[in-house]
Amino acid sequence: MPEPLDFDRSMDDAWAQFRLHLADTLAALEYGARHVIERPDSPFDEDAQALTFTVTRGGRVRCGLVNSQWAAALLGRGWRELTSGELTLSVGRRHVDKMAADVTAVIRDHWQVVHPAFFDRPALDDSPGTSLATVSVRPSGPAHLQALVEGVLAQVTCDPITKDHDGDITFTLGGLTSWLRVRPNESYVDLFTMLARDVDTNPHVTAVFDLHDPQWPAVDFGVSHNHAIAQISFDATVFIAAAFEQALHAWFKFMRVGAGAIAREIVCAGATGDVIEPGSTPTDDTRGLPPALIVLLHLDPDSAGLLAPHEVAEICDHDRDAILHYLQISTDEAIEWRRAADVAADRGDQNEARACLHEADGWMQTKETLRAGLRAVVLPDDQAPRHTGPTASSDGDAASTLR
């Protein structure tokens with residue numbers, strides 16, 4: 001069976017191209033002109049976010065961001081806060097590459113945009129001149145719907161689409177396998193993943209689902225054939241490409257932010273009987289972390305980059321797969337701390353929010369330390385970076401049971 005499409009790798013490639021294109025755009029930006037990037041998942045919200053790029057009289061490129069809840073984290077990255085509350089970052093023309101990298105980090109880490117393709121979605125408002133007929137079609141059957149779905153996916157990734165023996169499109173995202181299925185007898189498209197196997201002896205699965213359900217209103221949780229699954233079902237009776245892209249965006253965000261954490265909570269709840277409230281502040285207890293990662297945290301407690309790449313590689317026993325696992329843990333920890341910061345900010349506890357953001361930034365620095373160690377393992381001669389193929393998944397036949 002073909003290996004699942006590696007969406008993680010595909011997205012990294014797409015973001016690299018986005019960063020290069022943004023740098024070129026900023027290098028060509030003239031005084032009096034401006035370039036705006038709007039947060040794609042909330043363009044009509046009252047708290048909508050936008051990055052605005054201009055050029056000062058002195059020729060410096062300036063980026064402005066208003067209404068940001070991540071001020072503490074951005075200030076730590078070199079941004080400045082004006083008396084108006086606007087956050088700004090400015091660089092000389094020679095450093096637009098660095099600005100593009102910093103802005104891309106804001107978009108990915110704070111806005112949590114999972115793919116740059118979502119900046120190009122058609123509008124779905126009812127303003128004059130917007131005709132939904134121009135972006136909608138009634139599929140004539142499953143084959144037609146399949147073609148429409150694959151057409152949208154082709155805009156998201158340049159890699160070939162892979163299917164399993166059932167004809168479901170398979171891809172990996174956030175370290176988990178997802179499937180996309182066009183129903184043979186209904187005009188529906190299902191996106192689903194398996195969070196845990198053999199849950200008949202785990203009485204806490206429903207409790208975990210109940211706790212996370214409010215956070216992911218578009219996602220349906222359940223148990224099928226003794227497997228805990230999560231799923232989004234898209235009604236394609238009338239196929240609207242922009243609406244399907246929104247469903248993909250919701251699914252990709254869930255897979256990157258929520259799925260891994262929920263899967264671990266199901267396993268932990270089955271072992272300990274404890275169900276952790278979502279959004280609660282993570283503890284400082286490191287007993288659940290791998291020993292090598294604990295050693296890294298102890299040797300560089302302030303995440304100051306004290307360890308050389310070869311030292312990181314030595315601590316991790318020069319184990320590529322182990323380092324990749326630690327990178328995923330670090331990503332999940334950073335996400336959980338940012339989520340805790342949002343909860344603290346919502347209840348007005350700014351000190352707690354800043355502390356949580358500090359922890360999140362520490363985990364992001366740990367990721368950079370681990371990446372340097374990974375390079376020392378896989379590129380000991382400092383060769384040019386390259387992608388390694390995805391490993392075979394043990395979930396290959398799991399989708400056939402989730403019907």
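Note that the structure is predicted; figures quoted are calculated from it, not measured.
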S.K.: Using side chain to side chain donor-acceptor pair (under 3.5 Å) as the criterion, list what pairs up with Arg19, not counting sequence neighbours.
M.R.: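 Not a single residue meets the side chain to side chain donor-acceptor pair (under 3.5 Å) criterion with Arg19.
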S.K.: Can you sort out the partners of His35 under ring pair (Phe, Tyr, Trp, His ring centres under 6.0 Å), two or more places apart, ordered by chain and number?
M.R.: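 For His35, the residues satisfying ring pair (Phe, Tyr, Trp, His ring centres under 6.0 Å) (neighbours in sequence not counted) are Phe53.
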S.K.: Going by side chain to side chain donor-acceptor pair (under 3.5 Å), name the residues that satisfy it together with Asp235, two or more places apart in sequence or in a different chain.
M.R.: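 Asp235 satisfies side chain to side chain donor-acceptor pair (under 3.5 Å) with Thr237 only.
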S.K.: Looking at Ala196 and Ile266, what are the two nearest heavy atoms and their distance?
M.R.: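 Result for this residue pair: CB-CG2, 3.9 Å.
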S.K.: Does Glu314 have any side-chain contact (heavy atoms from CB on, under 4.5 Å) partners at least two apart in sequence or in another chain, and if so, which?
M.R.: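 Applying side-chain contact (heavy atoms from CB on, under 4.5 Å) to Glu314 gives His318.
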S.K.: Under 4.0 Å between a Lys/Arg side-chain N and an Asp/Glu carboxylate O for Arg338 and Glu333?
M.R.: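 A salt bridge is absent here (no side-chain N lies under 4.0 Å from a carboxylate O).
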S.K.: Between Met194 and His227, what is the shortest heavy-atom contact and its length?
M.R.: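 So the two residues come closest at SD-CG, 3.5 Å.
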S.K.: Between Glu150 and Lys163, does any side-chain N to carboxylate O distance fall below 4.0 Å?
M.R.: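 The answer is yes: the pair qualifies as a salt bridge.
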S.K.: With rounding to the nearest 0.5 Å, note down the distance linking CD in Glu38 to OG1 in Thr52.
M.R.: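 Reported to 0.5 Å precision, the distance equals 8.5 Å.
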S.K.: Can you give me the closest heavy-atom contact between Leu22 and Ala100, atom names plus distance?
M.R.: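 Reported closest heavy-atom pair: CD2-CA, 4.0 Å.
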S.K.: Return the minimal non-hydrogen interatomic distance between Ala228 and Val205, and the atom names on each side.
M.R.: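 Taking every non-hydrogen atom into account, CB-CG1, 4.3 Å.
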S.K.: If we ignore hydrogens and angles and just use 3.5 Å, is the side chain of Ser178 paired with the main-chain N or O of Thr193 as donor and acceptor?
M.R.: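 No: the side chain of Ser178 does not pair with the backbone of Thr193.
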S.K.: Could you check whether any side-chain heavy atom of Leu26 comes within less than 4.5 Å of a side-chain heavy atom of Val55, counting everything from C-beta outward?
M.R.: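 No - every pair of side-chain heavy atoms lies 4.5 Å or more apart.
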S.K.: Is there a donor-acceptor pair closer than 3.5 Å between any side-chain N or O of Ser140 and the backbone N or O of His144?
M.R.: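 No, the answer is negative, given that no donor and acceptor are paired below the 3.5 Å cut-off.
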S.K.: Who passes side-chain contact (heavy atoms from CB on, under 4.5 Å) against Ala292, sequence neighbours left out?
M.R.: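 Ala292 satisfies side-chain contact (heavy atoms from CB on, under 4.5 Å) with Ile315, Tyr326 only.
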S.K.: Please test Leu87 against Leu75 for side-chain contact (heavy atoms from CB on, under 4.5 Å), starting from the C-alpha separation and ending with a verdict.
M.R.: CA-CA 8 Å; Leu87 294 164; Leu75 292 174; 4.0 Å; yes
S.K.: Find out whether Asp213 and Asp210 are in side-chain contact, i.e. whether some heavy atom of one side chain is under 4.5 Å from a heavy atom of the other.
M.R.: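 They are not in contact (no side-chain heavy atoms under 4.5 Å apart), so the answer is no.
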S.K.: For Glu359 versus Trp337, what's the shortest heavy-atom pair and its separation?
M.R.: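 Nearest pair, atom of Glu359 first, then Trp337: CB-CD2, 3.5 Å.
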S.K.: Residues in salt bridge (charged side-chain N to carboxylate O under 4.0 Å, His left out) with Glu368, at least two apart?
M.R.: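 Salt bridge (charged side-chain N to carboxylate O under 4.0 Å, His left out) list for Glu368, sorted by chain: Arg371.
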S.K.: Using the test side chain to side chain donor-acceptor pair (under 3.5 Å), find all partners of Asp190 that sit at least two apart in sequence or belong to another chain.
M.R.: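 With sequence neighbours excluded, Asp190 shows a side chain to side chain donor-acceptor pair (under 3.5 Å) to Arg183, Ser233, given in chain and number order.
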S.K.: What distance separates Lys367 NZ from Ile329 CD1, expressed to the nearest 0.5 Å?
M.R.: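 These two atoms lie 12.5 Å from each other.
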S.K.: Do Leu293 and Thr366 have side-chain heavy atoms sitting under 4.5 Å apart?
M.R.: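 In short, these two side chains touch, coming nearer than 4.5 Å.
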S.K.: Can you confirm whether Val182 sits close enough to Tyr188 that some side-chain heavy atom of one is under 4.5 Å from a side-chain heavy atom of the other?
M.R.: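 When only atoms from C-beta onward are counted, Tyr188 and Val182 do not touch, as no gap falls below 4.5 Å.
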S.K.: If you define the side chain from C-beta out and look only at heavy atoms, does anything of Phe209 sit under 4.5 Å from Val219?
M.R.: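 No - every pair of side-chain heavy atoms lies 4.5 Å or more apart.
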S.K.: Would a line drawn from the ring center of Phe244 to the ring center of Phe239 be shorter than 6.0 Å?
M.R.: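 Ring centroids of Phe244 and Phe239 are less than 6.0 Å from each other.
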S.K.: side-chain contact (heavy atoms from CB on, under 4.5 Å) between Thr54 and Tyr31: does it pass, once the steps are laid out?
M.R.: CA-CA 7 Å; Thr54 55; Tyr31 176 71; over 6 Å; no
S.K.: Got a second to check how far Ile232's CD1 is from Phe234's CZ, nearest 0.5 Å?
M.R.: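 One finds 11.0 Å between CD1 of Ile232 and CZ of Phe234.
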S.K.: How about Gln231 and Leu191: do any of their side-chain heavy atoms sit closer than 4.5 Å?
M.R.: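 No, their side chains stay 4.5 Å or more apart.
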S.K.: Are Val91 and Asp102 side-chain neighbours, meaning at least one heavy-atom pair lies under 4.5 Å?
M.R.: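 Not in contact.
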S.K.: To the closest 0.5 Å, what do you measure between NZ (Lys253) and NE2 (His249)?
M.R.: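 Atom-to-atom, Lys253:NZ and His249:NE2 are 5.0 Å apart.
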S.K.: Measuring from Leu370:CG to Leu296:CG, what's the distance to the nearest 0.5 Å?
M.R.: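 So the CG of Leu370 and the CG of Leu296 are separated by 6.0 Å.
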S.K.: Looking only at non-hydrogen atoms, find the nearest pair between Gly78 and Leu89 and report the distance.
M.R.: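 Taking Gly78 first and Leu89 second, the nearest heavy atoms are O-CD1, 3.8 Å.
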S.K.: Under the rule for side-chain contact (heavy atoms from CB on, under 4.5 Å), what residues qualify as partners of Pro309, not counting sequence neighbours?
M.R.: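 For Pro309 the side-chain contact (heavy atoms from CB on, under 4.5 Å) partners, ignoring immediate neighbours, are Ala372, Ala376.
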S.K.: Evaluate the criterion side-chain contact (heavy atoms from CB on, under 4.5 Å) for residue pair Ile323 and Asp319; output intermediate values, then yes/no.
M.R.: CA-CA 6 Å; Ile323 296 176; Asp319 188 333; 5.7 Å; no
S.K.: Spell out, as yes or no, whether a donor-acceptor pair under 3.5 Å connects the side chain of Asp166 to the backbone of Asp168.
M.R.: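 Answer holds: no.
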S.K.: Run the ring pair (Phe, Tyr, Trp, His ring centres under 6.0 Å) test against Phe254 and tell me which residues pass, sequence neighbours left out.
M.R.: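 Trp216, Phe221, Trp251.
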S.K.: Applying side chain to side chain donor-acceptor pair (under 3.5 Å), which residue pairs with at least one partner in residues 87-97 are found, sequence neighbours left out?
M.R.: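 Passing the test, one end in residues 87-97: no pairs.
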S.K.: Do the side-chain N and O atoms of Gln328 and His325 include a donor-acceptor pair separated by under 3.5 angstrom?
M.R.: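 No pair is found: no donor N or O on one side chain lies under 3.5 Å from an acceptor on the other.
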S.K.: Any heavy-atom pair between the side chains of Leu153 and Ile169 that's under 4.5 Å?
M.R.: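 Yes, at least one pair of side-chain atoms sits under 4.5 Å.
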S.K.: I'd like to check the side chain to side chain donor-acceptor pair (under 3.5 Å) partners of Ser187; sequence neighbours left out, ordered by chain and number.
M.R.: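 Residues passing side chain to side chain donor-acceptor pair (under 3.5 Å) with Ser187: none at all.
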S.K.: What's the separation between atom OG1 in Thr177 and atom CG in Asp164, rounded to the nearest 0.5 Å?
M.R.: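 These two atoms lie 10.5 Å from each other.
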S.K.: Not counting sequence neighbours, which residues clear side-chain contact (heavy atoms from CB on, under 4.5 Å) with Ala263? List them please.
M.R.: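 side-chain contact (heavy atoms from CB on, under 4.5 Å) list for Ala263, sorted by chain: Leu195.
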S.K.: Is there a side-chain contact (heavy atoms from CB on, under 4.5 Å) between Leu180 and Val189 once you walk through the steps?
M.R.: CA-CA 7 Å; Leu180 185 153; Val189 180; 3.7 Å; yes
